[in-house]
Amino acid sequence: MRAILRVDDRLLHGKLSISWTSYLKTDTILIANENAVNDEFTMMSLRLAKPRNVQIIIQDIPDAIAYLRENSESERRILVVVKKIVDALPLLEAFSFFTSLNIGGLRSRNAKIEISPAIFLNEADLAICKELSRTIEIYFQEIPEHPKIHFQDLQISESRQI
């Protein structure tokens with residue numbers, strides 16, 4: 001199995017479903033989000049947003065971890081999507097095959113640090129990224145055509161504050 005872990009507050013949308021699945025040659029999108037599992041309308045919307053020939057699985061985080069464990073020896077190419085950086089932590093703790101974290105969309109109005117027009121961090125996100133960057137690559141990238149912005153290369157300053 002090959003799996004990529006992504007944070008995107010919209011979970012699944014056109015940019016993600018078309019550009020990332022094509023670029024990564026993904027055959028499965030795993031949405032790990034409890035709210036999505038418990039909201040029939042959200043589940044229906046996510047299913048409609050997926051590309052043809054790509055399987056979508058919508059589970060809460062513990063079930064997503066179980067799914068990844070069960071499929072760890074498979075040939076699947078899985079894009080795992082969580083809504084918040086903190087949601088990625090249990091997945092990163094459970095699996096050593098995640099060597100990077102792609103942050104593609106965080107549009108929080110309470111966040112103060114602008115990374116790009118679609119990515120903002122709050123203080124808690126920043127602290128998590130600092131800690132995680134000691135062991136994995138963290139990068140910001142909305143779509144594959146955009147250059148990666150590596151967290152390790154950022155110099156967070158007042159100029160980045162909004």
Side-chain angles (χ1 to χ4, degrees), residues 1-13 15-17 19-40 42-43 45-47 49-51 53-108 110-111 113 115 118-144 148-154:
M1 173 182 68
R2 180 173 168 150
I4 304 295
L5 182 56
R6 177 179 170 91
V7 177
D8 196 308
D9 60 4
R10 295 188 292 168
L11 295 175
L12 185 59
H13 50 85
K15 282 183 186 178
L16 186 139
S17 70
S19 63
W20 281 106
T21 56
S22 296
Y23 178 75
L24 298 170
K25 298 182 181 13
T26 303
D27 58 37
T28 305
I29 298 172
L30 173 58
I31 305 290
N33 182 268
E34 186 172 340
N35 291 337
V37 169
N38 294 319
D39 182 345
E40 197 60 42
T42 300
M43 286 182 67
S45 298
L46 292 170
R47 287 185 184 119
K50 78 164 189 72
N53 303 322
V54 174
Q55 178 183 14
I56 186 164
I57 300 167
I58 305 165
Q59 297 181 321
D60 61 18
I61 292 171
D63 287 343
I65 290 171
Y67 174 84
L68 291 168
R69 279 198 179 112
E70 291 167 10
N71 287 278
S72 64
E73 300 298 320
S74 76
E75 296 296 317
R76 292 190 173 278
R77 297 176 70 90
I78 303 173
L79 175 60
V80 182
V81 185
V82 296
K83 190 168 190 145
K84 297 182 258 179
I85 294 173
V86 69
D87 294 341
L89 293 177
L91 293 154
L92 291 167
E93 290 169 5
F95 302 105
S96 61
F97 56 73
F98 289 121
T99 59
S100 65
L101 178 63
N102 167 260
I103 301 172
L106 287 174
R107 293 156 191 82
S108 173
N110 298 326
I113 301 164
I115 305 301
I119 304 170
F120 296 82
L121 300 179
N122 60 34
E123 292 300 322
D125 294 334
L126 184 61
I128 292 169
C129 287
K130 281 182 182 176
E131 183 63 30
L132 290 175
S133 70
R134 296 176 188 192
T135 56
I136 65 168
E137 174 192 24
I138 299 176
Y139 63 96
F140 306 92
Q141 187 177 28
E142 286 181 74
I143 57 175
K148 287 183 181 181
I149 301 170
H150 293 273
F151 178 80
Q152 293 85 337
D153 295 339
L154 287 179

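- Side-chain contact between L16 and R10: absent, with no pair of heavy atoms (C-beta onward) separated by less than 4.5 Å.
- Between D27 and E75, the closest heavy-atom pair is OD2-O, 4.3 Å.
- Looking at every heavy atom in both residues, Q141 comes nearest to N102 through O-ND2, 3.3 Å.
- Environment of CD in E137: crowded, with over 12 heavy atoms of neighbouring residues, nucleotides or ligands closer than 6.0 Å.
- In this structure, the side chain of S17 engages the main chain of A49 through a donor-acceptor pair within 3.5 Å.
- Two residues are said to be in side-chain contact when any heavy atoms from C-beta on lie closer than 4.5 Å; E123 and I113 meet this criterion.
- Between the CG atom in L5 and the CD1 atom in I78 there is a gap of 11.5 Å [rounded to 0.5 Å].
- Between the side chain of T135 and the backbone N or O of L132, at least one donor-acceptor pair lies under 3.5 Å.
- In this structure the side chain of L154 reaches within 4.5 angstrom of the side chain of F140, judged on heavy atoms.
- Closest non-hydrogen pair, I65 versus P90, comes out as CD1-O, 3.8 Å.
- Side-chain contact between P51 and I29: present, with at least one pair of heavy atoms (C-beta onward) separated by less than 4.5 Å.
- With N71 contributing its side chain and Y67 its backbone, the two residues share a donor-acceptor pair below 3.5 Å.
- Taking CG from D63 and CD1 from I58, the interatomic distance works out to 12.5 Å, rounded to the nearest 0.5 Å.
- Atom CZ in R76 sits 16.0 Å away from atom CZ in R2 (nearest 0.5 Å).
- Remark: K50 NZ is packed, more than 12 non-hydrogen atoms of other residues, nucleotides or ligands lying under 6.0 Å away.
- Distance check: L92 CG to S100 OG gives 9.0 Å after rounding to the nearest 0.5 Å.
- The two residues F120 and R107 have their closest heavy-atom pair at CD1-CA, 4.3 Å.
- Distance check, rounded to the nearest 0.5 Å: NZ of K148 to CG of D153 gives 11.5 Å.
- Each of D60, I57, L46, V80 was evaluated against I31; a single residue qualifies, L46, per the side chain to side chain contact (heavy atoms under 4.5 Å, CB included) test.
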>> Walk me through whether L30 and Q59 qualify under side chain to side chain contact (heavy atoms under 4.5 Å, CB included).
In response: CA-CA 7 Å; L30 173 58; Q59 297 181 321; 3.8 Å; yes

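- Residue F97 qualifies as enclosed at atom CZ: its count of foreign heavy atoms under 6.0 Å is above 12.
- The nearest pair of heavy atoms linking E142 to G104 is CG-O, 3.2 Å.
- When all heavy atoms of L106 and K83 are compared, the closest pair comes out as CD2-O, 3.7 Å.
- With L12 as the fixed residue, the side chain to side chain contact (heavy atoms under 4.5 Å, CB included) test singles out one of L79, I56, V81: I56.
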> Stepwise, does the side chain to side chain contact (heavy atoms under 4.5 Å, CB included) test hold for L68 with L91?
Replying inline: CA-CA 9 Å; L68 291 168; L91 293 154; 3.9 Å; yes

>> Show, in sequence, the C-alpha distance, side-chain angles and deciding distance for I4 and Y23, and conclude whether the side chain to side chain contact (heavy atoms under 4.5 Å, CB included) test is met.
In response: CA-CA 12 Å; I4 304 295; Y23 178 75; over 6 Å; no

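- Taking SG from C129 and CD1 from I115, the interatomic distance works out to 8.0 Å, rounded to the nearest 0.5 Å.
- Within the 4.5 Å cutoff, no side-chain heavy atoms of I103 are placed close to those of F151.
- Put simply, the side chain of N33 gets close to the backbone of A36: a donor and an acceptor are under 3.5 Å apart.
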